[in-house]
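In what follows, a structure is listed as structure tokens, so that the remarks can point back to it.
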Protein chains: 2
Amino acid sequence: MEKETLLKNLGARIREIRNKKGISQKQLAHSIGKDQQSVQRLEAGNINPTYYYLSEIADGLEVDLEVLIKRDGANSNV
Amino acid sequence: MEKETLLKNLGARIREIRNKKGISQKQLAHSIGKDQQSVQRLEAGNINPTYYYLSEIADGLEVDLEVLIKRDGANSNV
DNA sequence: ATGTTGTACAACGGATGCGTTGTAATTGAA
DNA sequence: TTCAATTACAACGCATCCGTTGTACAACAT
């Protein structure tokens, strides 16, 4: 799996979960002390987030870290 | 969960898996195009690895990314 | 028209990832 | 003893993360 695809898939998965939760980029960002722009770049696959960043996002989305990480798109019970 | 503890737990989990596989830091590092020192710092919890780095480590250890990520120490079937 | 909300894109800059080199302590074998 | 293998730690430096600011555009409301 090449890097670019990996990051784009991660971003798409985060966006999907966020939309299911019905919250905006700004709301998610502020809940974890970040800016809307940071979340936008993350969802666009433009950054390669650190492990700690991912754990913060998981907390903001109120999901387990494993849900964010999964490479397949099987997020049925979000 | 604070950052330092999170990283130390991650490093310990990676070390545990690597030891169970019976390979050295140098072998793991070289299998993914890195140096022994990089793996040492990762296992020591001194760095906050990126998502892509984690996926490389998972490939090198031949485990799923979810196994690396889990916050509890329940790695029975490695 | 104006204002609000959600999202997107770009530039600046401090902080950090992490590859690399060098060094050293430990262990075990020859 | 000498040698190799493993692990650990520190410093240098380039690349990147990512916080921040500014801007823009579409959709919707007033």
Side-chain angles (χ1 to χ4, degrees), chain A residues 1-63 65 68-69 71 73 75 78, chain B residues 1-63 65 68-69 71 73 75 78:
Chain A
M1 191 109 164
E2 76 242 48
K3 186 175 176 180
E4 185 181 333
T5 304
L6 194 75
L7 296 182
K8 289 204 178 302
N9 288 351
L10 172 66
R13 199 158 47 245
I14 290 173
R15 170 168 300 167
E16 183 185 350
I17 297 174
R18 179 179 59 79
N19 284 332
K20 284 184 180 174
K21 297 279 181 174
I23 62 181
S24 67
Q25 290 180 345
K26 188 174 184 177
Q27 285 174 328
L28 172 58
H30 282 36
S31 73
I32 56 177
K34 300 185 187 302
D35 287 342
Q36 174 264 328
Q37 284 82 346
S38 289
V39 173
Q40 190 277 323
R41 282 179 298 184
L42 177 66
E43 290 185 351
N46 291 331
I47 64 174
N48 183 11
T50 62
Y51 179 56
Y52 184 63
Y53 192 0
L54 286 174
S55 81
E56 289 180 312
I57 291 287
D59 288 343
L61 290 174
E62 295 177 329
V63 296
L65 196 45
L68 280 194
I69 293 306
R71 275 129 155 178
N75 293 325
V78 179
Chain B
M1 192 106 161
E2 77 239 51
K3 185 175 175 180
E4 185 181 332
T5 304
L6 194 75
L7 297 181
K8 288 204 178 305
N9 288 351
L10 172 66
R13 199 159 47 246
I14 291 173
R15 171 168 300 167
E16 182 185 350
I17 297 173
R18 179 179 58 78
N19 283 332
K20 283 184 181 173
K21 297 279 183 175
I23 62 179
S24 67
Q25 290 179 345
K26 187 174 184 176
Q27 285 175 329
L28 172 59
H30 281 36
S31 74
I32 56 177
K34 300 186 188 299
D35 287 342
Q36 175 263 329
Q37 285 82 346
S38 290
V39 174
Q40 190 277 323
R41 283 179 299 184
L42 177 66
E43 290 186 351
N46 291 331
I47 65 174
N48 183 12
T50 62
Y51 180 57
Y52 185 62
Y53 192 177
L54 286 174
S55 82
E56 288 181 313
I57 291 287
D59 288 343
L61 290 174
E62 294 177 330
V63 295
L65 196 44
L68 279 194
I69 293 307
R71 287 172 187 113
N75 292 327
V78 181

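For clarity, every value in this text was computed on a predicted model and none was experimentally measured. The chains referred to below are lettered A, B, ... by the order of the sequence lines, with proteins before strands, and numbering in each begins at 1.
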Sole candidate of A:V39, A:I57, A:V63 that passes side-chain contact (heavy atoms from CB on, under 4.5 Å) when paired with A:I14: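 Among A:V39, A:I57, A:V63, the one meeting side-chain contact (heavy atoms from CB on, under 4.5 Å) with A:I14 is A:I57.
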Using the side-chain contact (heavy atoms from CB on, under 4.5 Å) definition, which of the options A:L7, A:I47, A:L54, A:N48 pairs with B:T50?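 Among A:L7, A:I47, A:L54, A:N48, the one that satisfies the side-chain contact (heavy atoms from CB on, under 4.5 Å) with B:T50 is A:N48.
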Expressed as a whole number of angstroms, how long is the span from [X]:[atom1] to [N]:[atom2]?
X     : N      : atom1 : atom2 : result
A:L28 : D:dC18 : CG    : P     : 14 Å
A:K3  : D:dA15 : NZ    : P     : 13 Å
A:H30 : D:dT20 : NE2   : P     : 10 Å
B:N46 : D:dT7  : CG    : C1'   : 13 Å
B:L54 : C:dG17 : CG    : P     : 12 Å
A:Q40 : D:dC25 : CD    : C1'   : 13 Å
A:I47 : C:dA15 : CD1   : P     : 18 Å
B:I32 : C:dC18 : CD1   : P     : 11 Å

Check whether any side-chain N or O of [X] sits under 4.0 Å from OP1 or OP2 of [N], and answer yes or no.
X     : N      : result
B:Q37 : D:dT7  : no
B:R15 : D:dA8  : yes
A:Q25 : C:dA8  : yes
B:T50 : C:dC18 : yes

Tell me, do B:I23 and B:S31 make a side-chain contact under 4.5 Å, heavy atoms counted?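 B:I23 does not reach B:S31 side chain to side chain.
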Check every strand shown and say whether A:K26 touches a base, only sugar-phosphate, or nothing at a heavy-atom separation below 4.0 Å.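 Result for A:K26 = nothing.
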With sugar-phosphate meaning primed atoms plus P, OP1 and OP2, does B:S38 contact a base, only sugar-phosphate, or nothing at under 4.0 Å between heavy atoms?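 Base contact - B:S38 has a heavy atom under 4.0 Å of at least one base atom.
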Choose from D:dG19, C:dA8, D:dT7 the nucleotide whose nearest atom is closest to any side-chain atom of B:Q36. D:dT7
Counting only side-chain heavy atoms from C-beta out, which of D:dT20, C:dT7, D:dC17 sits nearest to A:D35? D:dT20
When you measure only distances, ignoring hydrogens and angles, does the side chain of B:R41 come within 3.5 Å of the base of C:dG17 through a donor and an acceptor?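 No.
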Find which nucleotide of DNA chain C each of A:R18 and B:P49 is nearest to by heavy atoms, and output the residue with the more 5' nucleotide. A:R18
Starting from the 5' end of DNA chain D, give me the residue, B:N48 or B:N19, whose nearest nucleotide shows up first. B:N19
Distance (rounded to the nearest 0.5 Å) between A:E56 CD and B:K3 NZ: 8.5 Å
Heavy-atom donor-acceptor pair, A:R13 side chain to A:L68 backbone, under 3.5 Å: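 Such a contact is found between A:R13 side chain and A:L68 backbone.
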